[in-house]
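In what follows, a single structure is set out as structure tokens and then discussed.
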Amino acid sequence: MRYSKHITPSALANTFPPALTEARAALFSSVACRKARQGLQPGTDFRMSHAVDPITVSVIQHRLRAIVEEMGEAMLRTSYSQILNSSRDFSTALCDPEGRLVAQAEHVPIHVGALPFAARSVYEFFKGTIRPGDVYLLNDPYRGGNHLPDLTAFVPVFDGDELVYWAINRSHQSDIGGATHGAYNASAKEIFQEGLRVPPLKLYDQGVRREDVYEMIVLNVRHPRDFRGDLAAMIGSARLGERRMSELIREFGSAQSRAAVEAVLDGAERQVRAIISEWKDGVYEGEAFLDDDGHQFKDVYIRARVTKRGSDLEVDLTESHPQVTGFINSSYANTHSAVVVALAYLIDPDTPKNDGAFRPLSVKLKEGTVVWPRPGAPVTLCTNHCGQEIMEAIIRALAPACPERAMAGWGRRFRVAIQGVDPRTSKPFIWHLFQARPGGGASSAGDGWAAAGEWQAAGGIKFGSIEVHEVRFPFFFRRHEFRPDSGGDGRYRGGPGAELEMVIETAEPAVGNTAGDGVKYGACGLLGGEDGAPHNYWLESKGSPDRPLKTKETGVVLKPGDVLQVRSGGGGGWGAPDERTDEARARDKSLGFVTR
């Protein structure tokens, strides 16, 4: 049995396969990273070698944020698939060669915490051969990906002849091959049944696309036209980031721009340490449960033991459930990302979420558990589950230490992916359910957001226009509204989920797959608040009795005229229900959020 102790160079030596050991050993050593990148001798501090004024630091900090946000806008406006140009299931970021996160846009939090592992994997694999104009890809969860649908494009940024940053786009693909459409295979018992695995791979060599590699990837997905368009959008987004970073370096100069980045990271660290220092020292424990793994395992538990000392946090997940058969196992990078996201939700919203902000954090895992499976295990659902339960266990643990910062649980994910042929165009389609989002968790700031989505995205993933979906896909949305009485009661109420009735308007039967959790366990209430209502999905089909949809099944036949009924879960309540004001309860009823 192997353990990952604190995430430090010495601990990482036994954490990853031998090919990645050296890469991981340097990942979180900030001082070593600076020295390696800048070619400085030990004992030389780059920040002291070039003074930079605080105004310039602030300007560059906001410039970095603007760059990653512009990358996201480019992706949104040029991608082809519904899952990207409508639901926005993508993220953009900047890292340095050693994998330190420099800046990220507010897209999908669970993506970004894993990017440092991926950036380091690419850097180590191609070290010494990386050139301007190159483009690299990766999706392998055992090399820094979250899960196989999240393909990542990397474009190097050079300062003269020196690689200084990566411009990165991670985007969820509508399909990535594998045994089932839509990139989720609830029947999978190994990763090879989930889709195409892409290790660190060079797609463009000094501006020239490697056509053999490109066609090999495209050949393995079900809808090549959309995939080609989405991949082009990803690369365009990352290239835009490369251009903007190059402009920043030219404008401020090499020394000043790099020193400012170091100051931004250090400033974020100081802010986070100041927050953590206010919490009471101690050992805190939290637990969260998943319904099942889709196979033989039920009530899969995540157990977090969080030790707070001074301004440091250690998150110990070693007592979590053993590795399971199904696809709820979480890759190492995804688990680390979930831990990072939990901390991000407990600090100030204006604090930059970068490498510096997460320096106070260390993580302890055990190989062979659901939070660190052995290579080969299926992991596709992990960005939602068990990623969300990792966050829940940590936040529940720390709630007594920082009650005003801790929010109740958000509704869980229950997706449906449908494959069929549109009778209006005779073209095949793959559609992903992003409507009827679950409710957000309440907090000391107030009630949870209505139908805001899941905790791992915190509103970053959207459901898009109903009317546009009806134009693009052969469905009729007969009803789409808030679900009353679904938010957990409390001083502040959990956000309501949603109700959806959708009619299948294909000419021939379509096929659906489901992937999710939360039919048994709803979103957790916090500090006396009540849990949100769990999901309830069922299928109405003429000539057959209504049947509930399981959260993890494949091959669901959807006949023309069938009706998909969705009742998504609500968010958890915060604080004791008897502390909710009469005025708030009256408003709940007037809005239709509560009927009893």
Side-chain angles (χ1 to χ4, degrees), residues 67-81 83-85 88-97 99 101-105 107-108 111-112 114-123 125-126 130-141 143-158 163 165-176 183 195-211 213-218 220-221 224 226-246 333:
I67 289 170
V68 291
E69 288 179 346
E70 187 182 6
M71 292 167 63
E73 283 299 308
M75 183 66 194
L76 178 66
R77 295 169 186 272
T78 58
S79 53
Y80 279 38
S81 296
I83 199 170
L84 299 175
N85 62 26
R88 307 187 185 202
D89 196 347
F90 60 80
S91 295
T92 55
L94 300 167
C95 285
D96 71 5
L101 180 63
V102 172
Q104 62 167 305
H107 292 137
V108 183
H111 283 167
V112 184
L115 285 180
F117 294 88
R120 186 66 184 181
S121 291
V122 172
Y123 178 69
F125 194 89
F126 290 100
I130 302 168
R131 300 289 183 267
D134 289 353
V135 178
Y136 301 88
L137 300 180
L138 179 146
N139 79 344
D140 187 6
R143 290 178 172 85
N146 289 93
H147 60 174
L148 293 182
D150 287 339
L151 186 63
T152 310
F154 303 80
V155 172
V157 180
F158 282 82
L163 174 65
Y165 301 108
W166 291 108
I168 306 173
N169 179 301
R170 175 162 287 182
S171 295
H172 189 115
Q173 306 303 303
S174 181
D175 187 83
I176 198 67
L196 178 66
R197 295 177 72 181
V198 181
L201 181 148
K202 181 182 289 188
L203 183 63
Y204 281 76
D205 188 351
Q206 299 183 74
V208 179
R209 191 167 70 191
R210 300 177 62 194
E211 295 298 334
V213 174
Y214 177 71
E215 292 300 331
M216 185 278 293
I217 297 172
V218 172
N220 279 278
V221 298
D226 284 0
F227 181 83
R228 291 177 192 270
D230 291 338
L231 181 56
M234 292 171 61
I235 294 170
S237 165
R239 283 176 167 163
L240 175 61
E242 183 272 335
R243 291 198 302 273
R244 295 292 185 259
M245 286 300 293
S246 297

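We count residues from 1, following the sequence as given. Owing to the predicted nature of the structure, the values given are computational and were not obtained by experimental measurement.
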Exercise. Taking the side chain as C-beta and beyond, is there a heavy-atom pair between V213 and L137 under 4.5 Å?
Worked result: no
For this session: Measure up the H172 and H147 rings against each other and bin them: parallel (under 30°), tilted (30 to 60°), perpendicular (over 60°).
Result: perpendicular
Problem set entry | side-chain contact (heavy atoms from CB on, under 4.5 Å) between V221 and Q173, intermediate numbers included | CA-CA 10 Å; V221 298; Q173 306 303 303; over 6 Å; no
Problem set entry | R209 CZ: over 12 foreign heavy atoms closer than 6.0 Å | yes
Problem set entry | Under 3.5 Å: donor-acceptor pair, side chain of N85, backbone of S79 | yes
Exercise. Can the ring centres of W166 and Y123 be said to be less than 6.0 Å apart?
Worked result: no
Exercise. Could you state the interatomic distance from CG (D150) to CG (N169), rounded to the nearest 0.5 Å?
Worked result: 10.5 Å
Exercise. So, for G145 and L138, which heavy atoms are closest and what is the spacing to 0.1 Å?
Worked result: N-CD2, 3.8 Å
Seminar exercise, completed: When rounded to the nearest 0.5 Å, the distance separating CD1 of I217 from CZ of R210 is 9.5 Å
For this session: Using a 4.5 Å cut-off on heavy atoms from C-beta on, say whether the side chain of I235 contacts that of L203.
Result: yes
Exercise. Quick check: does any side chain N or O of S237 sit under 3.5 Å from a backbone N or O of A233, one acting as donor and the other as acceptor?
Worked result: no
Problem set entry | S121 side chain to R143 backbone, donor-acceptor under 3.5 Å | yes
Exercise. What distance separates E242 CD from Y165 OH, expressed to the nearest 0.5 Å?
Worked result: 13.0 Å
For this session: For G144 and R170, work out which heavy atoms get closest and say how close.
Result: O-NH2, 3.1 Å
Seminar exercise, completed: Heavy atoms of G99 and A119 approach each other most closely as CA-CB, 4.2 Å
Exercise. Counting distance only, does the side-chain N/O of T92 pair as donor-acceptor with the main-chain N or O of V68 below 3.5 Å?
Worked result: yes
Seminar exercise, completed: For I168 and F154 the tightest heavy-atom approach is CG1-CD2, 3.7 Å
Problem set entry | Donor-acceptor contact below 3.5 Å, side chain S171 vs main chain F90 | no
Exercise. Just by distance, do the side chain of N139 and the backbone of L196 share a donor-acceptor pair under 3.5 Å?
Worked result: yes
For this session: State, with a plain yes or no, whether a side-chain heavy atom of D175 is found less than 4.5 Å away from one of F227.
Result: no
Seminar exercise, completed: Minimal heavy-atom distance between Y214 and L231, with the atoms involved, is CE1-CD2, 3.8 Å
For this session: Apply side-chain contact (heavy atoms from CB on, under 4.5 Å) to the pair L201 and F125, showing each step before the final yes or no.
Result: CA-CA 9 Å; L201 181 148; F125 194 89; over 6 Å; no
Problem set entry | CD on E73 to CZ on R77, rounded to 0.5 Å | 5.0 Å
Exercise. Given side chains that start at C-beta, do those of M71 and H107 come closer than 4.5 Å, heavy atoms only?
Worked result: no
Exercise. Just checking, R239 and Y204: is the charged tip under 6.0 Å from the six-membered ring centre and within 45° of the axis?
Worked result: yes
Exercise. If you measure from CG on D226 to CG on L84, what distance do you get to the nearest 0.5 Å?
Worked result: 9.5 Å
Problem set entry | Which atom of A238 lies closest to which atom of A167, heavy atoms considered | O-CB, 3.2 Å
Problem set entry | D134 bridged to K202 by N-O distance under 4.0 Å | yes
Problem set entry | Spatial distance of atom CE (M245) from atom CG (L94) [nearest 0.5 Å] | 5.5 Å
